[in-house]
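Some notes on the structure that comes next.
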Amino acid sequence: MGGGTEAFPDLGQHCQHPDCHQLDFLPFKCDGCRKVFCLDHRSYKKHECPKSDHNSRKVVVCENCSMSIETTGQDGEDEKVMLERHEKSGSCDPKKKNKPTCPVRRCKEILTFSNTNTCKICQVKVCLKHRFPVDHACKQARASSGPWNGKFLAALASRNAGDCARTGRGSPSSSSSTPSSVKAY
């Protein structure tokens, strides 16, 4: 089915949907069934594409070890046969069914794909609640913070909250007194 006009016969194509056949100058080619469609019928659902799931990945989860087995490339092979082959292969270990938990003390959060975070400093996998180095007692973060961090925190803790209020702007005593400062090392 050609498209276009008398002057430009190669311009555009007709929609290959059985009820449409509209001439479209910017047609869409379906990557599943390889047919040409107009804007209204370009989605898999609109033209009822028989190969709509050609790019999707499918997996079966083993009930014994919770391992996922990809079934995308095995067309026509039964899922039960694949699971039996997995069990006989020796890689199926029921001990693996125990899900990993957050290593922070008293945290019983099960680590899954969506709630796991790997610390960039110590490479430990923790839950999202303990993702910051301070929250999971990251020992390498304390060691790599350097000597200046301890001195800064000590100076900050030694400051008195009343000093800031007395030497604030606009108060009459601020001109006569010298503001206290923290010496940086």
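Side-chain atoms are counted along with the backbone in the values below, which use heavy atoms only and exclude waters and symmetry mates.
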Please list, chain by chain and in numerical order, all residues satisfying ring-ring contact (aromatic ring centres under 6.0 Å, His included) with H41, sequence neighbours excluded.
-> H17

For R105, which residues count as a side-chain contact (heavy atoms from CB on, under 4.5 Å) partner, sequence neighbours excluded?
-> none

Qualifying residues under side-chain contact (heavy atoms from CB on, under 4.5 Å), relative to T101, sequence neighbours excluded | I110

Side chain to side chain donor-acceptor pair (under 3.5 Å) partners of E109, counting only residues at least two apart | N115

Does the side chain of K29 reach to within under 4.5 Å of the side chain of R34, using non-hydrogen atoms?
-> yes

Rounded to the nearest 0.5 Å, how far apart are CD of E48 and SG of C33?
-> 11.5 Å

Are C38 and P27 side-chain neighbours, meaning at least one heavy-atom pair lies under 4.5 Å?
-> no

Taking only residues two or more places apart in sequence or in another chain, which ones pass side-chain contact (heavy atoms from CB on, under 4.5 Å) with S114?
-> T112

Sequence neighbours excluded, the answer for side chain to side chain donor-acceptor pair (under 3.5 Å) partners of E87 is N64

Does a side-chain heavy-atom distance below 4.5 Å link N117 with F132?
-> no

Would you indicate whether the side-chain heavy atoms of C119 and R131 approach each other to under 4.5 Å?
-> no

Residues which pass side-chain contact (heavy atoms from CB on, under 4.5 Å) with K125, listed by chain and number, not counting sequence neighbours | L111, T116, T118

To the nearest 0.5 Å, tell me how far C92 SG sits from E63 CD.
-> 10.5 Å

Transitive ILVMFWY cluster of V124, excluding itself - 4.5 Å side-chain cut-off | V104, V126

What's the shortest heavy-atom distance between L23 and G12, and which atoms?
-> CD1-C, 4.2 Å

Between CD on residue Q16 and CD on residue Q22, distance to nearest 0.5 Å = 13.5 Å

L83 side chain near C62 side chain, heavy-atom distance below 4.5 Å = yes

How does the hydrophobic cluster around F28 look, that is, which other residues are in it when side-chain heavy atoms under 4.5 Å mark a link?
-> L39

Would you say H21 and C15 make side-chain contact, with heavy atoms under 4.5 Å?
-> no

Run the numbers on C20 and H14 for side-chain contact (heavy atoms from CB on, under 4.5 Å), then give the verdict.
-> CA-CA 8 Å; C20 184; H14 288 279; over 6 Å; no

Considering non-hydrogen atoms only, spot the tightest contact between C30 and F37 and give its length.
-> CB-CE1, 4.0 Å

Under a 4.5 Å cut-off applied to non-hydrogen side-chain atoms, are H130 and C107 in contact?
-> yes

Can you find a pair of side-chain heavy atoms, one from C102 and one from K129, that are under 4.5 Å apart?
-> no

